[in-house]
Number of protein chains: 2
Amino acid sequence: MTVTLKDIAKKANLSPASVSRILNNRGRFNDDTAKQVRTIAQSLGYFKNQSAADLSQKQSRVIGVLIPTAHTNFADEIIKGMQNEAYENGYELLITFFGNDHQQQMQTVKALLSRQLLAIFMLAVDITLPIHQLIKTSNIQVLSISNQLNDGVPSISSDNYDMMSQIVNYLYDHGHRQMALIGSSMIEPVVATVRRQGFIDALAKHNIKYNPDFIWGNNISYELGLQTIPHYGTPLPFTAVISSADIISIGILNGAKDAGLQVPNDLSIISIDGTELTQLTRPILTNAKQNFQLMGELAITALINNQLSTNTAIYTDIEIIAGQTIRTLKDS
Amino acid sequence: MTVTLKDIAKKANLSPASVSRILNNRGRFNDDTAKQVRTIAQSLGYFKNQSAADLSQKQSRVIGVLIPTAHTNFADEIIKGMQNEAYENGYELLITFFGNDHQQQMQTVKALLSRQLLAIFMLAVDITLPIHQLIKTSNIQVLSISNQLNDGVPSISSDNYDMMSQIVNYLYDHGHRQMALIGSSMIEPVVATVRRQGFIDALAKHNIKYNPDFIWGNNISYELGLQTIPHYGTPLPFTAVISSADIISIGILNGAKDAGLQVPNDLSIISIDGTELTQLTRPILTNAKQNFQLMGELAITALINNQLSTNTAIYTDIEIIAGQTIRTLKDS
DNA sequence: TTGAAAGCGCTACCAG
DNA sequence: CTGGTAGCGCTTTCAA
């Protein structure tokens, strides 16, 4: 029922081999016959059977992409970047959502590995050890995007340590001396650890003694933001907060409103990520914008250039975008 | 280099055929040998080559999913629903982002059609005619989710006509007589047309004369919301707006703030969609919540039950979720 | 520039 | 319950 190369070949009095060459623009062939072949293919409604091609070539141009279901909305931006770059280089993206159910995760990864992928890109995903090992046995290349992992997985992300330094400096320059870091107190993802350390070290550089109470919140959620003000009580013991994600920042903003605080008069906020969410609030959130789209593009480039070795760590720059949530303090 | 069924068969003194049966739990086989085979497979680090399987079976369990790049964030919810259901029934989802570049769209669809998919699901996507025809020639089943299309494409969505009626009734019951509909004045997507008609007819049922000026805005965007108040000027000629999407509602909310209006005292807002975004605002948005997750689940179910004929139109219920953006007017 | 033929890894049929 | 085998549609030598 389905139209195959053979069918086209028969109709064109050619061999399947030639048709294959023509339709793939590979090798040499006569331009005139080529034109004919293409029209025939068109008229017959031919669709390449990619499975057969992959099988025959023992390789595909498919990149598997893992996205967390609890879909941090910057994933879109990364994908946008990847998609363009992938399209131009003839790669396909196989995007798969990655839930929390471990059973399901395993099955998902196995399904991916069952299609001789070129590579697996993980967007902001933290994988468990068994899964990591599963991938390892398959010899498929892996890359973590936006998330630094240990386990020797190559990554493309912001330099989270340096980012904290920039943020602290920014706040310091605006006269802030007491600042809190919200949403990075977990031990697990390396990113949180790195940010904490960067925060502490940056404070030290300004001779500010680090107050352990000022690092709080072990998850990334709106609710965490909402609870932040109640957690510390008013008057707040600090003048500024660094929020580990935009969604947290919105929670803080609303929590402040609920507590009768004025932002930025009573509290300054700077938000890490800088997705569109930061533009939807009143006041608009000052943010440390990560270049997600570029991360996506670089991911493909790195793959093409064979740079996905174990120790690769590519950094993209961040940019601090002034909004309306940072108050400049007169004297310190 | 790669481990194949044959390798396992050799090691287990079996035929590839048997190994295939065992590893797929198909047909009859001896449980003991099965156990052996599985351990061997494990130890050899075997991964099924799905391309070969698909080729051999001339069929795959893969459902292609098209998501607009301008990623209305309810897509996530739909996918969540689909993913669970798909997982339980052994289907794979091949998610593909669908940009605006026509060239790229074509290539994307062709890539999809090159893998004997079971079906293509389109999430809130409006396809152009050539693409529609392309899909048609391939005989792959299609389903539009959350978006009603013409062209005889089966769909799962809310009953947009009835939704408008419910919304208008809700506003009416709260004393509103002058209401506007924002973001549905485009001619193109059928959804907009249906909503307009539903709006007008619902008003008529309450003997409210329909004012054409009160249907405004031909796109779905934050900016549209922001411009709404300036567009009409204050004092507003209506007491309530129905916003065609959450992102528009947020724009309206901010626009109102900018104009010095109090919501809901000076303006009531009800938002269509009811994604998490509605919970992030102050005041919280009253909304007509669509059941996106259910749409996703039903999509898979419909596929399984072979219900994807041309005229299928499955509706899921909406629910009006009271927030803080509707004022009850005393007298009318 | 084109063709013949082998083979990718798996499944399905039919025999045993 | 198991094995032999043909064949899915495509690519890729190698030879013509």
Side-chain angles (χ1 to χ4, degrees), chain A residues 1-38 40-41 44-62 90 92 110-111 113-117 138-139, chain B residues 1-38 40-41 44-62 90 92 110-111 113-117 138-139:
Chain A
M1 195 59 262
T2 47
V3 185
T4 73
L5 277 191
K6 237 191 211 161
D7 299 326
I8 300 178
K10 213 175 295 172
K11 208 150 195 161
N13 284 320
L14 280 175
S15 74
S18 302
V19 178
S20 169
R21 267 179 244 123
I22 291 171
L23 258 27
N24 290 296
N25 276 313
R26 242 194 297 275
R28 330 202 137 284
F29 50 81
N30 182 300
D31 274 351
D32 291 335
T33 52
K35 235 168 261 174
Q36 270 188 44
V37 165
R38 279 191 250 273
I40 294 179
L44 257 43
Y46 169 77
F47 287 105
K48 179 180 187 170
N49 184 326
Q50 194 61 48
S51 300
D54 288 353
L55 176 59
S56 178
Q57 299 181 128
K58 315 190 69 169
Q59 251 279 359
S60 74
R61 307 273 291 175
V62 177
E92 274 180 74
K110 275 188 189 158
L113 299 181
S114 295
R115 312 184 166 271
Q116 25 292 110
L117 301 177
S138 76
N139 283 320
Chain B
M1 196 60 260
T2 47
V3 186
T4 73
L5 276 190
K6 236 190 210 162
D7 299 326
I8 300 178
K10 213 176 293 172
K11 208 151 196 161
N13 285 318
L14 280 175
S15 74
S18 302
V19 177
S20 169
R21 266 179 247 122
I22 291 172
L23 257 29
N24 289 296
N25 278 311
R26 241 196 298 273
R28 332 204 135 283
F29 50 81
N30 182 301
D31 275 350
D32 290 336
T33 51
K35 235 168 261 174
Q36 269 188 46
V37 166
R38 277 191 251 272
I40 295 178
L44 256 44
Y46 169 77
F47 287 105
K48 178 177 186 171
N49 185 326
Q50 193 62 46
S51 300
D54 288 353
L55 177 59
S56 179
Q57 298 181 129
K58 316 189 68 169
Q59 251 277 358
S60 74
R61 307 273 291 175
V62 177
E92 274 180 74
K110 274 188 190 155
L113 298 181
S114 294
R115 313 185 167 272
Q116 24 290 113
L117 301 178
S138 77
N139 284 319

Practice task
May I ask you to verify if any side-chain N or O of K6(B) is less than 4.0 angstrom from the OP1 or OP2 atom of dC8(C)?
Solution key: no
Fill in the blank from the handout: By nearest-nucleotide position on DNA chain D, the 5'-leaning member of A52(B) and I22(B) is I22(B)
Handout entry: Set of side chain to side chain contact (heavy atoms under 4.5 Å, CB included) partners for K11(A), sequence neighbours left out
Key = I40(A), L44(A)
Completion exercise
Taken to the nearest whole Å, CZ/R28(B) to P/dC13(C) is 15 Å
Problem - Separation of dG9(D) P from R115(B) CZ (nearest whole Å) - result: 16 Å
Problem - salt_bridge(R115(B), E92(A)) N-O dist < 4.0 Å - result: yes
Practice task
Enter the inter-axis angle for the ends of the helix from dT1(C)-dA16(D) to dG16(C)-dC1(D) (five pairs per end, rounded to 10°).
Solution key: 30°
Exercise for the section: Report the residue (L14(B) or N49(A)) whose heavy-atom-nearest nucleotide on DNA chain D is the more 5′ of the two. Expected result: L14(B)
Completion exercise
dist L55(A):CG -> Q50(A):CD (nearest 0.5 Å) comes out at 11.5 Å
Practice task
Measure from NZ on K10(B) to P on dT2(D) and round the result to the nearest Å.
Solution key: 20 Å
Exercise for the section: Using whole Å, report how far NZ of K58(B) lies from P of dA6(D). Expected result: 18 Å
Exercise for the section: Find the distance L5(A):CG to dG3(C):C1' and express it as a whole number of Å. Expected result: 14 Å
Completion exercise
The nucleotide from dC10(C), dT2(D), dT11(D) with an atom nearest the side chain of T4(B) is dC10(C)
Within the sub-3.5 Å range, which N or O atoms of nucleotides 12-14 of chain D have a protein N or O partner, and how far apart are they?
{"residue": "dT12(D)", "atom": "OP2", "partner": "R26(A)", "partner atom": "NE", "Å": "3.4"}

Problem - Minimum side-chain heavy-atom gap V37(B)-F29(B) below 4.5 Å - result: no
Problem - Point-to-point distance, once rounded to the nearest 0.5 Å, from NZ of K10(A) to OG1 of T4(A) - result: 7.5 Å
Handout entry: Nearest-angstrom distance from the residue atom CG of L55(B) to P of dC8(D)
Key = 9 Å
Exercise for the section: Calculate the interatomic distance between Q36(B) atom CD and dT2(D) atom P; express it in whole Å. Expected result: 10 Å
